[in-house]
Structure formats: structure tokens, C-alpha cells
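First up is the structure itself, then whatever we jot down about it.
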Amino acid sequence: MSLNVSVNWQRDAFCLQLAQSFPSKGVTALYGPSGCGKTSLLRIVAGLERGAMSNVSFNGVDWQNESLCVPLEKRRIGLVFQEASLLPHLDVRANLEYGWRRTKPAQRRLAPEEIYRMLALESLLQHRTDQLSGGQRQRVALGRALMTSPDLLLLDEPLAALDAVAKRQILPYLARVVRDTETPTLLVTHSTDEVLRLADHIGFMENGSVAPVVRLAEALQDPSSPLFADEGAVSVLQGQFVIEGNGGWGMFSTTSYHLHVRSSPEYMSLHSGSTAFQNHRLQIYARDVSIALTDPTQISIQNHLAAKISGLTEKDDGLVLVRLTLADGQLLMAELTSASVSRLGLILGMPVWALVKSAALLQ
Amino acid sequence: MSLNVSVNWQRDAFCLQLAQSFPSKGVTALYGPSGCGKTSLLRIVAGLERGAMSNVSFNGVDWQNESLCVPLEKRRIGLVFQEASLLPHLDVRANLEYGWRRTKPAQRRLAPEEIYRMLALESLLQHRTDQLSGGQRQRVALGRALMTSPDLLLLDEPLAALDAVAKRQILPYLARVVRDTETPTLLVTHSTDEVLRLADHIGFMENGSVAPVVRLAEALQDPSSPLFADEGAVSVLQGQFVIEGNGGWGMFSTTSYHLHVRSSPEYMSLHSGSTAFQNHRLQIYARDVSIALTDPTQISIQNHLAAKISGLTEKDDGLVLVRLTLADGQLLMAELTSASVSRLGLILGMPVWALVKSAALLQ
Amino acid sequence: MSDFFAFTPADWQAIWLTLKLCFITTLLLMLLATPLAWWLARGGSWFHTVVQSLVALPLVLPPTVLGFYLLILLGPQGWIGQTLESMGLNHLAFSFNGIVVASLIYSLPFAVQPLQDAFGRLGHRPLEVAASLGASPMDRLLTVVFPLCRGGLVTAATLSFAHTMGEFGVILMLGGSIPGETRVLSVMIYDYAEALDFQNAHRLSLLMLVFSFLILVAVYGRQRRFSLFAQRNVNS
Amino acid sequence: MSDFFAFTPADWQAIWLTLKLCFITTLLLMLLATPLAWWLARGGSWFHTVVQSLVALPLVLPPTVLGFYLLILLGPQGWIGQTLESMGLNHLAFSFNGIVVASLIYSLPFAVQPLQDAFGRLGHRPLEVAASLGASPMDRLLTVVFPLCRGGLVTAATLSFAHTMGEFGVILMLGGSIPGETRVLSVMIYDYAEALDFQNAHRLSLLMLVFSFLILVAVYGRQRRFSLFAQRNVNS
Amino acid sequence: GDATVAAASSLRPTLDRLVEAFEQSHPGDHVILVYGSSGRLTTQILHGAPFDVFMAANTEFPEQIAESQPETSVPRLYAAGQLVMWSASRDAREIGWQGLLKPEVRRIAIAQPDVAPYGQRAREALIHYGIWDQVQDKLVYGESVSQTARMALSGAADVALLAASLANQEAMQQQPYMRVDATSHLPLNQSMVVTARGQSNPVAAAFSQFVMSSQAQSILSSAGFLSARQVGQQTPAELAE
Ligand SMILES: Nc1ncnc2c1ncn2[C@@H]1O[C@H](COP(=O)(O)OP(=O)(O)OP(=O)(O)O)[C@@H](O)[C@H]1O
Ligand SMILES: Nc1ncnc2c1ncn2[C@@H]1O[C@H](COP(=O)(O)OP(=O)(O)OP(=O)(O)O)[C@@H](O)[C@H]1O
Ligand code: MOO
Ligand SMILES: [Mg+2]
Ligand SMILES: [Mg+2]
């Protein structure tokens with residue numbers, strides 16, 4: 001069961017050509033440079049580009065082929081555009097309730113109050129849409145789409161207009177919404193952070209075509225992934241997380257090592273009550289990992305992990321990406337200068353200590 | 001000489017109230033949460049909110065007071081809106097040239113070709129505006145504003161719609177444009193990174209008012225600055241930069257210490273030719289700084305700086321911000337867990353080694 | 001003054017008839033013009049252009065001449081009239097139904113044009129949004145298109161109403177000025193003027209002007225308030 | 001067929017006069033209606049509402065009645081006519097200038113309404129953008145407002161042209177049907193029809209219809225091509 | 001019963017009085033009057049208008065109807081119009097035909113000769129007095145005599161040639177009129193028919209009878225028409241010869 005799309009669409013100079021199956025569970029990120037066709041692809045999935053030669057089916061139901069085109073309103077798709085497109089003749093509440101009213105009670109999985117709360121919309125309900133700032137508008141658009149409890153969410157850079165604080169506040173809620181309501185989501189985004197926090201799968205787009213969709217963990221194995229162009233390589237470790245004391249600090253453990261890490265307050269408030277979580281993901285930027293030949297003492301870095309060097313990739317910017325295999329076999333990447341590599345005499349197979357300065361709990 | 005604005009404007013529930021002088025040199029960032037009035041303020045400076053009770057003067061010339069309102073077209077302001085607002089009846093080239101044609105030849109400081117090149121617009125010139133993707137549109141809007149060689153640039157989150165790669169490519173050019181052409185700029189942004197890269201001064205907005213505009217360096221002294229809410233505290237060191245070899249690596253030096261750092265390729269290509277630069281800024285995230293009691297060897301971290309602890313600020317999230325005074329008196333901040341602080345027994349006045357994992361050259 | 005406005009039973013009959021004609025015509029016109037304008041606004045073939053041009057053609061002919069052709073077409077000798085008669089119905093000349101049809105044709109361009117403009121300018125986005133929220137095409141029409149094109153609807157209805165009210169050439173020719181059936185106010189005023197009965201002509205003219213003015217002020221006033229609200233929204 | 005279209009010199013005179021009247025009226029109307037529509041579209045006071053309602057009022061009166069009032073007003077005894085005479089000019093009754101004025105008044109609502117709609121929907125953003133790029137108000141009008149409101153302008157001009165062409169009640173009364181001066185095609189067709197000279201009435205009607213149809217097709221065809229280009233732009 | 005009478009607009013308002021008299025002498029009968037230009041009414045009758053009696057302002061149109069609708073009654077002359085000269089600003093009797101050429105007479109209104117009988121006769125009179133060519137530049141045309149009267153009333157036309165019945169109206173009594181010599185033009189004979197539709201309507205027959213009664217005829221002549229007797233009991237057919 002999944003979303004299958006095949007498109008062959010020449011529009012002026014631009015050609016969108018792909019045959020792709022997207023998982024119909026969790027969040028699939030579409031990541032690619034400006035103008036590569038992300039919006040066009042979403043519009044085809046939504047049935048908004050009738051001119052496009054395309055076949056679309058979702059969970060076994062044909063949405064579009066040569067002979068048929070299920071109209072958008074029958075697809076139960078939540079759509080958030082790049083620019084908030086609020087209906088200007090309705091106030092905020094009426095915009096939000098527009099879809100809600102048109103959703104059969106049996107299909108309503110999300111309570112309006114909950115959506116209002118998670119997107120901080122309560123204080124805006126009485127406003128006219130022209131009284132909202134850009135960010136507020138986008139929040140309303142997001143809420144409005146969620147109100148229909150859609151079967152599929154199509155998000156076209158929904159957070160681009162939000163400020164960092166608002167973004168950080170909403171991200172975990174969005175993550176929870178798409179997870180708890182099990183709404184499969186196609187997310188177009190430019191932000192590696194959003195991908196790491198939200199995505200389960202990722203499809204890289206370039207010039208009108210999509211590389212096969214892969215699991216995020218898999219995509220992160222590739223040091224030259226476009227995801228890393230901005231912030232550098234990232235490793236993701238799987239393990240158990242147990243909260244210790246307050247402030248969100250706790251212990252991330254695998255069978256063979258522990259890391260002292262911290263989850264965000266938003267994360268905490270979402271999971272208040274429980275203290276131990278299985279199968280969590282820890283995100284570690286390669287630039288936050290240093291290497292020592294002996295286990296250093298008298299240093300502020302807390303997390304020291306024994307590892308073996310399993311790869312050394314020289315990049316053209318004078319940096320070396322060091323692949324480290326941890327005791328439990330998981331992969332950790334470290335970014336060092338080539339000067340350091342030669343100073344320390346790092347070679348393949350060498351046992352070293354990985355010093356992890358900081359790590360972020362995902363999921 | 002500067003931009004003076006005083007506003008007292010009640011609009012429905014929202015009240016914008018400020019009396020502020022903005023420097024008329026370099027880039028002044030306006031930073032604040034969604035809905036705090038940033039766009040409204042820019043519109044007042046542009047003369048687009050006539051209803052607003054306000055006084056605006058620029059470089060000694062009154063733009064608006066009780067009795068007068070210089071129209072926007074006489075203010076020579078370059079304006080880029082949150083949403084690209086291309087003129088839909090003109091193609092990309094005509095949009096770009098619209099302002100250029102209306103600029104007196106004597107006032108043209110920027111050559112169109114240069115602007116096209118720096119914003120990668122060449123391949124878009126023949127397109128209709130409705131053939132552009134969101135990011136492409138915003139690039140055109142930016143270019144169009146620059147084409148008038150404005151006396152003042154007002155940018156309302158101009159890069160919000162650009163993907164990370166495009167953003168990273170354009171940022172240094174934008175920085176150079178505003179610097180080389182000495183175009184004073186008011187920049188509304190949500191992004192700390194943009195602030196650190198572009199801004200000389202910063203004004204924090206909250207709820208319709210602006211805190212006094214301060215130099216960026218000054219703002220960075222405050223560990224609780226809103227700028228740090230997202231990425232944590234940042235220190236900025238002043239010094240000399242000398243390029244050594246290729247890949248952008250070089251030596252950042254002050255009177256008493258050196259750091260091995262790297263500038264970006266975009267930066268390099270902008271400054272190709274020269275190899276030594278005075279008075280450069282180095283940005284170091286506090287989370288990238290570790291502390292050791294003795295100078296560690298056999299560790300990949302290259303930059304070890306002798307320092308003295310001059311401050312310990314416990315934050316409510318279990319982290320401690322350690323202020324370090326370097327040999328030349330400059331300030332460096334390190335973010336440690338309180339567990340590390342107590343494990344190492346850090347106290348005020350203690351001599352320690354600051355380990356700098358990575359640093360970014362600004363400017 | 002009270003004397004000035006002491007209307008005769010014939011006046012009252014004409015007033016009532018005029019209102020009936022205007023309301024019915026405007027109503028039917030909106031029902032008819034809306035789908036037509038929608039179709040015209042969304043399509044781009046040469047066929048659309050031809051239909052759009054045909055809609056505007058009634059404007060071009062002098063009203064009595066148009067009325068004459070309608071008489072030929074809708075009367076007992078015309079093929080529409082004959083078809084109706086052969087179906088056991090009445091032909092349309094010299095009847096109230098006939099002048100309704102005539103007014104529909106004559107005022108059609110005034111209903112179609114503003115609607116078409118409004119629909120054309122609406123863009124696809126609001127409709128896409130509403131569809132994604134589960135609104136069926138009819139639902140979108142009622143809850144998105146109409147509210148957002150309110151200006152166009154008001155203009156269309158107002159122009160249609162006013163134009164039907166003032167129109168008399170077509171009605172005179174096709175309707176035959178039959179009291180209680182086709183003798184509307186405009187015909188009556190015309191008749192008074194023809195008889196050099198200026199007192200009555202002035203009286204009824206003033207009535208129509210004042211009445212129409214009040215309607216227009218009410219309609220435009222409401223519309224204006226609404227459209228100012230909406231103005232900052234153009235880019236949202 | 002060639003015989004059917006063998007126009008008499010009187011026909012040619014009327015054709016020429018009609019074209020002249022339509023072009024001049026449409027031109028003047030656009031010059032007049034544009035600032036008026038702009039003012040109406042941008043303002044929100046009760047005064048705007050009143051003016052907007054007044055503009056639509058000529059629609060409501062039967063044309064010959066309107067013509068009679070105009071005759072009184074513009075003729076040698078009317079205060080406008082007298083004022084003109086005292087300035088050494090001619091009064092406006094029974095002259096080409098007079099029927100131009102009458103057509104202006106009568107067709108004003110058809111020019112103002114579509115323009116006002118278009119201007120109202122334009123929004124502030126494109127104007128703000130153009131101003132920031134150094135365009136003066138007049139420059140913005142020519143390079144932003146007009147191109148973006150092209151649909152409204154075309155509609156306004158087309159409706160005005162067609163309506164002036166078909167209008168005859170006012171012209172008949174005020175113009176006096178003077179050959180070469182005020183006897184336009186519509187009056188001529190009317191006369192033919194009144195005299196039961198249907199051959200001539202058909203001939204001229206057909207001419208007007210075909211000519212107008214061609215104009216309309218040309219105008220709408222161009223406009224349609226343009227507006228389809230612009231359609232995806234509504235949100236950009 | 002009811003009957004609908006279509007009448008030339010130049011009969012207004014004389015016919016109103018005539019109908020009043022008819023209804024008084026025929027209690028229970030009712031006449032609905034529809035005025036219009038003779039040309040339009042003819043067209044309408046030819047296309048099935050529900051008129052029982054047609055009283056035209058000429059003799060040709062009733063004949064035309066009788067020709068194409070055989071059940072129509074034989075056209076019957078009921079009166080003749082009289083042409084007069086009238087001016088809102090002066091006594092028309094003092095103007096004289098040559099006076100029309102003076103520069104202070106700027107505009108002369110007549111009914112459209114191709115359409116209205118009064119216009120046709122006005123043209124004949126102007127030709128008869130030898131000034132047709134000279135007044136060409138001064139002529140303006142009304143669609144009907146009534147419109148011609150309004151042109152003169154408004155003062156926009158200095159002089160008008162119109163129907164005596166109109167000049168007798170209250171609105172025009174401010175100035176006296178000058179009767180145009182009946183020999184200067186063909187007579188303005190007016191005839192009527194009972195239409196095919198009116199044949200089965202006794203009220204139509206009664207009304208057409210009544211029009212020829214002496215009571216009705218004297219109403220007509222007092223309003224400014226020549227009664228049928230004054231014109232001579234000729235049939236329209238004879239007149240045409
Ligand atoms: N109406 C159109 N006609 C022709 N080409 C178009 C049209 N709309 C978009 N394009 C082109 O199609 C390509 C894909 O556009 P699309 O909007 O899907 O990009 P995108 O990946 O969403 O970009 P962004 O991240 O900037 O929003 C672009 O190169 C654009 O120039
Ligand atoms: N036309 C209006 N009428 C009344 N209030 C308005 C209007 N436009 C905006 N506001 C309010 O004014 C405040 C400031 O809006 P503004 O657009 O200046 O915010 P902003 O700082 O630019 O936000 P963002 O970062 O989301 O763009 C908001 O709270 C908004 O609700
Ligand atoms: O037929 Mo008439 O009598 O000219 O109005
Ligand atoms: Mg896009
Ligand atoms: Mg804003």
C-alpha cells in the first residue's frame with residue numbers, strides 16, 4: 001500500500017519525468033533545489049495539474065490515469081501551499097472550520113481545540129485574515145489542512161515563513177500530528193533540520209526527477225548527501241532513552257555505550273509522564289565529533305565512545321570525513337581537518353576515542 | 001546621519017510604538033517573532049502606511065512628518081517583500097529593468113550584468129513570471145530592487161523562500177552588495193545565521209516596539225540574547241586572517257594566539273587575489289567550544305587557546321554558559337553541561353584551555 | 001407634494017409591473033449569466049470568443065429594431081412562437097413572458113460582463129484550497145466563488161436591474177404597451193411625454209430616479225464596505 | 001447580395017457619422033471614466049457611494065425621456081445651453097457635439113463599472129512595487145495599472161462603443177435626426193422600420209451586426225489570449 | 001365587454017375624451033387604449049398584436065393591414081388632421097413662411113417625413129411655399145409629431161410644424177398657432193379598421209360605429225381635426241386616386 005506516481009510532463013523548458021512509489025506511512029521529505037519541480041509534483045498528486053500526463057494511485061485506489069481523474073475534494077488530501085492561501089472573505093475561525101464542516105464526523109480524528117492549541121491559534125480565531133502577519137497566516141493554513149483529518153498531507157515548505165522560535169515550537173507538534181494521526185505526509189522542504197526531525201523517508205529531487213525514495217537512515221549513510229551540503233554530515237544512532245532528573249537530560253544507551261544527552265522542552269512536554277523510551281533516534285553532526293587517541297580526562301566533553309576507524313574520506317575542502325564503527329556496530333561520522341588527521345596519524349582500523357560534544361534527540 | 005523613525009500607531013488590537021534611530025550605514029537587522037510588527041515598521045519607513053502617525057527622516061531629509069510625506073518613488077528605496085511581488089504582465093527581464101530604466105544614469109552604481117550574475121538570473125531573463133518557482137521569483141525580486149541602486153534597502157525576509165544551497169550562494173553576494181555599494185539596509189529576518197553573516201547592527205523587536213539598536217558584537221555579549229534561542233550563544237573574535245594553501249584554509253591571528261580556520265568557497269572567490277585580511281571577524285558557537293584543564297595532546301581538535309574563566313552562568317536547561325577571557329582580553333563563550341562543570345571543578349578565575357572544534361569566518 | 005405623488009391606479013399597476021419585471025429579469029439573468037460567464041471566464045477557445053461576442057451583440061441594435069426582430073421571432077409567425085404554439089403554449093409577443101425574454105436578451109451583456117471579469121480575476125488558488133478542504137464544485141461556487149466575486153455579482157445585478165427598468169424600446173415593440181401586462185413604467189413615462197403630459201411624466205420619472213437612487217446607494221454602500229475590508233487581502 | 005449591400009449616399013453618411021460618434025464617445029468616455037473609476041475604487045466615504053449611484057442613474061430613465069430632459073438642459077433655454085451661448089458658443093441641442101454629450105452621459109455607467117471593478121481588484125501591492133522602483137503616479141498608471149487592468153479597460157471600451165452604437169432614443173430627441181450631423185445609423189434603421197421599409201432596415205441592421213461582431217471578436221480574442229497568460233499569476 | 005383600440009399617438013389625448021363618451025353611452029363596455037406610432041402599431045398588428053380596432057394617422061397603413069389580413073374590415077376615414085405652425089417664443093401667426101428664413105429662426109422642427117404623415121405634409125407645404133431648399137439647414141426631425149412638439153416646447157427648436165390637435169393642448173396654449181393652408185399640401189386623412197381579431201368583438205364594432213357618430217365627430221373637430229363630414233364622405237380608396 002503506497003502512493004504511486006508516474007509522470008511524464010513537458011511544460012515549456014521544464015520536464016517533469018518520474019515513476020516513483022512513495023510510502024504511505026510516515027513522513028516522506030522531498031528535498032531539492034529551487035525550481036526542480038517539487039511544487040509541480042505535489043500539484044499532480046493533488047490532481048491540480050490536469051494537463052500533466054500522469055498516473056497516480058493511493059493505497060490501491062486509482063486517483064488518476066488516462067481515463068479517470070478523482071477530483072481533489074474526493075481525495076481527502078490536506079494541502080498547505082508555499083504561500084498561505086487563506087480565504088479572504090472568511091475570518092480565521094471560519095477558515096479553520098471550513099474543512100472541518102465538510103468532513104464526515106466519522107472521519108474526524110483530530111479535535112479542533114487540539115489543533116488550535118498545538119498551533120497557538122486560539123488568540124487569532126476572531127481575526128480577519130488580513131490582520132495576520134505572514135507567519136500567523138501560515139499557521140492558520142496548516143491548522144486548516146489538519147482540521148479535515150486528511151488521508152494524505154501535502155506540505156509545500158509550510159514552515160518557510162515561520163520564525164525560528166515558532167518553527168521550533170511547531171515542529172514537534174507537527175511531527176506528533178503526522179505520527180499520532182498516522183497521516184502519511186509528503187513534505188517539501190529546504191531545511192535539513194526539518195528533514196531530520198520529521199522525515200522517515202526522503203526523495204531527492206533534481207531537475208524534474210526524483211531519486212528512489214529511501215529511508216532517512218539510509219540517506220544519512222552517504223557522506224555526500226545533498227542533505228549535508230548545508231550543515232555537514234550527520235549520523236543517527238538508535239537506542240533507548242531514559243530521562244534522568246529535570247531539564248530534559250537523560251541517558252541514551254545502546255547495548256555497549258551510553259551518551260549523556262538532552263531532549264528539547266517541547267519534546268518533554270509532549271511525552272510527560274513516561275521516563276523511558278525504546279528505539280529512539282539520536283542525531284549527531286559530524287562536526288560535533290572529535291577524535292582522541294587516548295581517552296582524555298580533564299576535558300569538558302562528557303561523551304567518550306570507543307570506536308574503530310572504518311573509513312577516511314578526503315573532501316575537496318581540506319576536511320576529512322572519518323567513519324567510525326562503534327562497539328555495537330553503529331556508524332558515527334566525524335569531520336576533521338586533514339591537518340589533524342595527519343597529526344594524529346589516523347589510519348583505517350585504528351582504535352580511537354570519539355568525543356561527542358553535543359547530540360540532539362530526534363523523534 | 002541616520003534613519004530616524006518614531007511611530008505611535010494603534011491598529012485594531014496591535015500597537016506599534018517606537019522612537020528609534022537606525023544607523024544609515026551597513027546592515028541593520030530587525031529580529032523578532034512573527035506578528036511583532038516588523039513588516040509594519042518597514043512599510044512605515046517606505047511611506048506605505050499613511051494612516052500611521054509617524055515621523056521618518058533619512059540622512060537629515062524629512063521623509064514624513066505631520067505636514068509632509070515624500071512619496072515612495074522619491075525616497076529611492078529598494079523594497080523586497082516577504083512574498084515576491086513580480087509584476088505579472090512583464091517578463092523577468094522587464095521586471096528587472098523596470099527600476100533600472102527609472103534610475104538616473106548618474107545614480108546607477110550597479111551594473112545589471114553583475115546583478116544578474118550574482119543572483120544567477122541569466123537563464124531566467126526570458127521567462128514569464130508565472131513560469132518561475134517560488135525561489136526563482138524571490139531572486140528576481142531581490143535583483144529588481146538592487147537594479148535601482150537604492151539609497152536604502154528594505155528587505156522583508158527576502159531569503160525565506162530560498163533553499164539552503166541557494167541561500168548560502170546568495171548570502172555572500174548580498175553581503176558584498178550592501179557593503180561594496182554602501183547601501184544601508186534594514187533586514188527583517190528570522191535567521192540567526194543571516195544576522196551573523198550580514199548584520200552590523202541589530203534591533204530586537206517584540207510586540208510592536210524595538211529595543212535600542214546595538215552593534216551586533218554588543219548583542220552577542222548577552223548570553224540570553226534572542227539570537228541564541230535557536231543555535232545557542234555565539235562569540236565573535238576580531239583578528240587578522242591569512243590564507244594558507246588552498247581549500248580556503250588559513251590562519252586567524254590576534255596578538256596572542258592563532259586559530260586554524262577555513263573560509264567558505266564563496267568567500268574565497270569574492271576575495272581572490274589577496275591573501276591577508278586585517279580586522280576580520282570569526283564566529284564561534286559556544287556549543288563548539290570545550291574546556292580542558294590541561295592542554296590535551298593526541299586529540300583531533302586543533303585549536304587550543306589558553307584562557308581564564310571570567311563567568312559561569314547556569315541556565316535553566318541544565319547547561320552552563322562559561323565566559324572565557326582569552327590572552328588578548330577578547331571574550332569566548334563555551335556551553336557545557338553542569339555535570340561537566342562540576343566534574344572538572346570549574347570556578348571563576350581558573351586558568352583553562354578552550355578547545356575550539358570549529359569556527360566560521362564572517363564578513 | 002402629496003398631490004404630486006398621488007398615483008392613479010394605472011400608475012400603481014405600472015409600478016407593480018415594473019418591479020415584477022425587474023425582479024424576475026434580474027433573477028433569471030443571474031441564473032443564466034452565472035454559468036455562462038463562468039464558462040467564458042475559464043475557457044480560451046475561439047468558440048468562447050464567438051459566444052462572448054454574440055452575448056454583446058444585442059447592445060448594438062437600436063432597441064426598437066431589436067424588438068422588431070424579437071417580434072418576428074417570438075410572435076405567432078416566428079419559428080420560436082410557432083414552436084411554442086404547436087406545443088400548446090402561447091407565443092411570446094404582447095405578453096409579460098415575452099417582455100421578460102426580451103429584457104433577458106437585452107440586458108444579458110450587462111450581467112455577463114462584470115461576472116466574467118470577476119470570475120476571470122478570481123484565479124485558481126481559492127478554488128484549489130476549497131477543493132482540498134472537501135468542498136464539491138457546487139459548494140465551492142456558493143462558499144468561495146460567490147463571496148469572493150460579490151463585487152461582480154452586485155454590479156451585474158444592479159446593472160441588469162437598472163437597465164431593465166430604463167429599457168423601453170424593446171418592450172414597447174414586443175410588448176405592445178398593454179396595461180397590466182406589458183405597460184411598464186418606462187413605457188408609461190414615454191406615453192405621458194408623447195401626450196405632452198409633462199406633469200405626469202415628471203412625476204413618474206422622479207419616482208423612478210429616487211427609487212433607483214435609493215436602491216443603488218443601498219447596494220453600493222454595502223458593497224463598498226465589504227470591498228474595503230477585502231482590499232488588503234489581495235496578496236494573502 | 002451585392003445589391004443588398006448597395007448603400008445609398010445617405011447610408012454612407014450615417015455609417016460615417018456613427019463611427020465618428022462611437023469613436024469620439026468611447027475615447028472621451030475612457031478619459032473621463034478612468035479617473036472617476038479610480039477615485040470610486042479607492043475611496044470609501046458615503047460621498048463615493050452617492051457619486052457611484054448617480055453615475056448609474058441615466059440607465060434608469062427611458063432614453064427619450066432622458067433625451068427630453070437633456071434637451072431642456074442643453075438647449076438654448078436650459079442653463080447649460082444658455083451658459084454656452086453667453087460664452088459665445090453654441091447650445092448643444094440638435095448638434096453633433098450635443099449627441100456626443102448625451103452619449104457620454106448615457107454610456108457612462110458602462111465605462112465606469114468595469115473600470116472600477118478592475119481597479120478595485122488590482123490591490124495595492126503592484127503599485128507599491130512600482131513606486132519603490134521609482135515610478136511616479138502617472139508612470140504607474142501607464143505601466144502598471146493599465147496593463148494589469150487591461151480586461152477592465154477592454155470591457156469598458158467595448159461596452160461603451162456598442163452601447164453608443166445602439167443607443168438612439170436620446171440621440172433622436174436631442175439630436176433631431178439631422179442628416180450628416182445627428183442622423184446616425186441607429187436612428188436611420190429606426191426610421192426605416194417605422195416606415196415599414198424592412199428591406200432597408202434589415203440591410204443596415206445586418207451591417208451593424210456584422211461589423212460589431214467582427215470588432216467584438218477581434219477585441220475579445222486579443223483579450224482572451226492575454227488573460228490566459230496572466231491567469232496563473234494571481235498568486236505571484 | 002372589452003375592446004383594445006390601438007391609436008396613432010397624434011390622437012392623444014383627444015381619443016381619451018372620445019372613449020370616455022363611448023363608455024358613458026355604452027355602460028358595461030370598456031375600451032383599452034394603446035397609443036403608438038402608426039408604423040409600429042401596423043407592424044405589431046401584422047405580427048399578431050391583440051388589438052381590435054386600429055385608428056391610424058394616415059390611410060396607407062390601414063390599407064396595408066387590410067391587404068395582408070383579409071378578414072380586416074374595409075378602412076374607413078374617420079377624420080383628417082390639420083397642420084399648424086407653432087413657436088414657443090413668439091406668435092406663429094406673425095412669422096409667416098418667409099419669416100422662417102430669417103436668421104433668428106435657427107431651428108425648424110418637423111416630423112420625420114419618411115415616417116410620420118404630418119412630416120410628409122409639412123414637407124409638401126414647405127415645397128409649396130418655395131422655401132424647402134432654403135430651410136434645409138434649419139430642419140430637425142422628430143420621430144413623431146409629438147416629439148416634434150416637444151422639441152418646440154423645450155425651446156430648442158424655434159418653430160415647429162405640427163398637428164392642430166397638439167397645439168390645442170394645455171401645454172402649448174401659451175402661444176397661438178398658425179393654421180397651414182390646407183391647399184398647400186395633400187390632406188391628412190386618417191382612417192381606421194376593425195382588425196381580423198376584432199371581428200368577433202361586438203364592442204369593437206360598437207366603438208367603430210361610435211367614432212363616426214356626430215357626438216364623436218364633434219369631439220374630434222373641437223380638438224383640431226377635420227371631421228369626416230368636413231373632409232367629405234370619401235372612402236380611402238377613392239382618395240388614393
Ligand atoms: N506555468 C508554468 N509554465 C511553464 N513552466 C513553469 C510554470 N510553472 C513553473 N514552471 C517551471 O517549472 C519548474 C518547476 O517549478 P516548481 O514550482 O515545481 O519548482 P519548485 O521545486 O517548487 O521550486 P521552489 O522550491 O523554488 O518552490 C521551474 O523551473 C519553473 O520555471
Ligand atoms: N491590516 C491590518 N489590520 C489590523 N491588524 C493588522 C493588519 N495587518 C497586520 N496586523 C497585525 O499587526 C501585527 C504586526 O503585523 P506584521 O505583518 O507587521 O508582523 P511581522 O512582524 O511582519 O510578522 P511575520 O514575521 O509573521 O511576517 C500582527 O499582530 C497582525 O495581526
Ligand atoms: O403615427 Mo404618428 O401619429 O406620427 O405618431
Ligand atoms: Mg515550489
Ligand atoms: Mg512580516
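The shown structure was predicted, so the numbers you read here are calculated from the model rather than taken from an experiment. In what follows, chains carry the letters A, B, and so on, assigned in the order in which the sequence lines appear, proteins first and then strands, with residues in each chain numbered from 1. Keep in mind that the numbers below use all heavy atoms, side chains included, and drop hydrogens, waters and symmetry copies.
- Residues D/Gln52 and C/Leu216 form no side-chain contact, since every pair of their non-hydrogen atoms from C-beta on lies 4.5 Å or further apart.
- Side-chain contact between C/Pro63 and D/Phe168 is present, with at least one heavy-atom pair separated by less than 4.5 Å.
- Proximity to chain D (any heavy atom under 4.5 Å) is restricted, for C/Phe198, to the side chain, taken from C-beta onward.
- Heavy atoms of C/Val217 lying under 4.5 Å from chain D belong to its backbone as well as its side chain.
- Between atom OH of residue C/Tyr220 and atom CG of residue D/Leu54 there is a gap of 11.0 Å, rounded to the nearest 0.5 Å.
- The candidate from D/Ala201, D/Pro109, D/Ala162, D/Ala56 with the greatest count of non-hydrogen atom pairs under 4.5 Å with chain C is D/Ala162.
- For the pair C/Met208 and D/Val60, the tightest heavy-atom approach, listed with the atom from each and the gap, is CE-O, 3.2 Å.
- Under the salt bridge (Lys or Arg N to Asp or Glu O under 4.0 Å) criterion, C/Asp197 pairs with no residue at all, not counting sequence neighbours.
- Interface with chain C: from residues 183-193 of chain D, residues D/Ser186, D/Ile189, D/Tyr190 qualify, criterion being any non-hydrogen pair under 4.5 Å.
- To the nearest 0.5 angstrom, D/Ser205 atom OG is 8.5 Å from C/Phe68 atom CZ.
- D/Leu59 contributes atom CG, which lies 9.5 Å from atom OG of C/Ser212 (distance to the nearest 0.5 angstrom).
- For the options D/Leu66, D/Leu209, D/Asp117, heavy-atom pairs under 4.5 Å to chain C are most numerous at D/Leu209.
- Using a 4.5 Å cut-off between heavy atoms, C/Phe110 contacts chain D through its side chain alone, with no backbone atom that close.
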